[in-house]
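Below you'll find the structure, written out as structure tokens, and then a few comments.
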Amino acid sequence: MSNLTNNFIAGSWIEGSSYVANINPSDTNDTIGQYAQASISQLEDALHASKAAQQKWTETGLEQRQAILMNIGEEMMARSAELGELLSREEGKPLAEGKGEVYRAGQFFTYYAAEVLRQSGDTADSVRAGVEVDVRREAMGTVAIISPWNFPTATASWKIAPALAFGNAVIWKPANLTPASAVALTEIISRQDMPEGLFNLVMGSGSSIGQTLAESSQVDAISFTGSYDVGRQIAAAAAKNLTKFQLELGSKNPLVIMDDADMDVAVAAATAGAYGSTGQKCTASSRLVVHEKIHDEFVDRMSKSTSSLKVGHALEEGTQIGPAVSEQQLNSNLGYMDLARKEGCEVVCGGDALELATPGFYMQPALLTGGDNSMKLNREELFAPMACVIKVADYDEALKVANDTDFGLVSGIITRSLSRASHFRRNAEAGCVMVNLPTAGTDYHVPFGGRKNSSFGPREQGQYAKELYTQVKTSYILAGNP
Ligand code: TAP
């Protein structure tokens, strides 16, 4: 077998017990490489090495730690064109999105490089005379990071960067569908002057390596992004060892479009939110909750916008919608199209599989109308380039429909009314709210996360990340003669 790529364990690139092929979803004739699958004993080696390395890392000067994170971030930004192309080749998102993702991932490292130096704690007098109190944060120890394929570099980076910045060792299990991006990031990290074993890449299947990692008593904290079902398994595994954990899971984000909306803003936000990254975004808006007064005009304009999107090979100039990430994902999308028809929706445009010049998992983005919020289509996460319009009579109904979901990651509204926007912002049952913006598109210096079944545990990103990656210690010091 040629083009073998290995895991990075205890400071060395280690051959796998087996290898899996990484196939380009835009062209299934293109095999990107063969990627190592770690054995359970290799995972144990990584866990073992992480312990001593983490101890050394806490003793590493802050400026060195800061410089290492800065180096990683700057290299990623400088190489975003090259690494973005690799990401788009294996994941299928259009080239501009792939490059943008790698650049953003670099920004997570440079942001957390700065956070290394933001050292603060509390001091207080004890209630006992002559005793002082010192409250500070310390690293958790070894952190397990389990990440999905849809943002293979950014999601991992917003976990790895704070984990290292706050003094932890990392064991990273990326998704098996996007190993090339994981290896590219690891290769950059592997060249840094860090203790051997501080950062470990253990590629392998979720059910084997992922599950064993989550169950390990050697892990001090777990950060997981992925599906709701797997998230519950992680939670059960973590609970057995009382391991601290955080979950970012599924979603069913609504975009409300009111009768006073700027129609250009509404169509642009709905198009970007519903179809960007082929709908494979946890922040995608698959429910378009539209006021009846502007329903027909919106559907007409949205139909034109949706039909004009160019579906194509991720690396081809002009492509706006790439393929689904895998055959399984495409079949799931087409299954949801069948369900939409069975449940009584009208297909305004799109929804069919496409055959293009290269064999890939292509589908026309679909716009559906006649939707009801109780339909299975409007209850389950699709992860597809599909959006369903749900007609409502007024703002109160719109808010009710928007909140009527088991999930709560992002909720958006398009309106010119400040009072409606303010009311929506206060009453939307979601972790993130967007006003006159697409539901997708968040920053790196502020918290990110959801409510209900979308998230569990501390928020990610910005300074809030320290809630997962650190633990608080309160010390009492007898300072002098009482
Ligand atoms: P999952 O199937 O849940 O996979 C996520 C990761 O978990 C992968 O690395 C997977 O490994 C691993 N995994 C699978 N089974 C496991 C187990 N039993 N124990 C430990 N790890 C296991 O999700 P996905 O299909 O990759 O991603 C799509 C889902 O992620 C969607 O539901 C989406 O909403 C969610 N997502 C959420 C967010 C946020 S921030 N809320 C962001 C992006 C995606 P393998 O795939 O390699 O087997």
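The model shown is predicted, which means the values in this text are computed figures rather than measured ones. Residue indices begin at 1 and follow the sequence shown. Each ligand, and each atom within it, is numbered from 1 in the order the structure gives.
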Does [X] have more than 12 heavy atoms from other residues, nucleotides or ligands lying within 6.0 Å of its [atom1]?
| X | atom1 | value |
| --- | --- | --- |
| Arg379 | CZ | yes |
| Lys310 | NZ | yes |
| Phe166 | CZ | yes |

Report task. May I ask whether atom 21 (N) of ligand 1 is less than 4.0 Å from at least one protein heavy atom? Result -> yes

Query raised in the report: Any donor-acceptor pair under 3.5 Å linking the side chain of Asn7 with the backbone of Met203?
Result: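 Answer holds: yes.
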
Query raised in the report: Hey, does the side chain of Thr319 reach the backbone of Gly322 with a donor-acceptor pair shorter than 3.5 angstrom?
Result: no

I'd like to know whether ligand 1 has [X] as a neighbour, heavy-atom separation below 4.0 Å.
| X | value |
| --- | --- |
| Phe383 | yes |
| Ala214 | no |
| Phe224 | yes |

Could you list the atoms of ligand 1 found under 4.0 angstrom from a heavy atom of [X]?
| X | answer |
| --- | --- |
| Phe448 | 40 (S) |
| Ser147 | 6 (C), 8 (C), 9 (O) |
| Leu249 | 34 (O), 35 (C), 36 (N), 37 (C), 38 (C), 39 (C), 41 (N) |
| Gln211 | 17 (C), 18 (N), 19 (N), 20 (C) |

Query raised in the report: Hey, what do you get for OG (Ser286) to CD (Glu380), rounding to the nearest 0.5 Å?
Result: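 The CD atom of Glu380 is 11.0 Å from OG of Ser286, to the nearest 0.5 Å.
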
Query - Proximity of Pro174 to ligand 1 by residue part, where a heavy atom lies under 4.0 Å - result: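 The answer is the backbone of Pro174.
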
Query raised in the report: Is Lys376 close enough and on-axis enough to Tyr336, meaning under 6.0 Å and within 45°, for cation-pi?
Result: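 Pair Lys376/Tyr336 does not count as cation-pi.
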
**Report entry** Minimum side-chain heavy-atom gap Val202-Ile9 below 4.5 Å
**Finding:**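 Yes. Closest side-chain heavy atoms under 4.5 Å.
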
Query - Heavy-atom check, side chain of Met337 versus side chain of Val347, under 4.5 Å - result: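 Yes, close enough: below the 4.5 Å cut-off.
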
Short N or O distance, [X] and ligand 1, threshold 3.5 Å exclusive:
| X | result |
| --- | --- |
| Gln233 | yes |
| Ser227 | yes |
| Tyr228 | no |
| Thr155 | no |

Report the member of [options] with the shortest heavy-atom distance to [atom].
| atom | options | answer |
| --- | --- | --- |
| atom 5 (C) of ligand 1 | Asp229, Thr225, Val410, Ile146 | Thr225 |
| atom 17 (C) of ligand 1 | Cys432, Ala182, Gly206, Ala156 | Gly206 |
| atom 32 (O) of ligand 1 | Glu248, Glu381, Glu215 | Glu381 |
| atom 44 (C) of ligand 1 | Asn150, Thr212, Leu409, Val325 | Asn150 |

Report task. Could you pull out all residues at least two apart from Glu343 that satisfy salt bridge (charged side-chain N to carboxylate O under 4.0 Å, His left out)? Result ->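 By the salt bridge (charged side-chain N to carboxylate O under 4.0 Å, His left out) rule, Glu343 matches no residue at all.
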
**Report entry** Plane angle bin for Phe456 and Phe245 - parallel if under 30°, tilted between 30 and 60°, otherwise perpendicular
**Finding:**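 Geometry flag for Phe456 against Phe245: parallel rings.
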
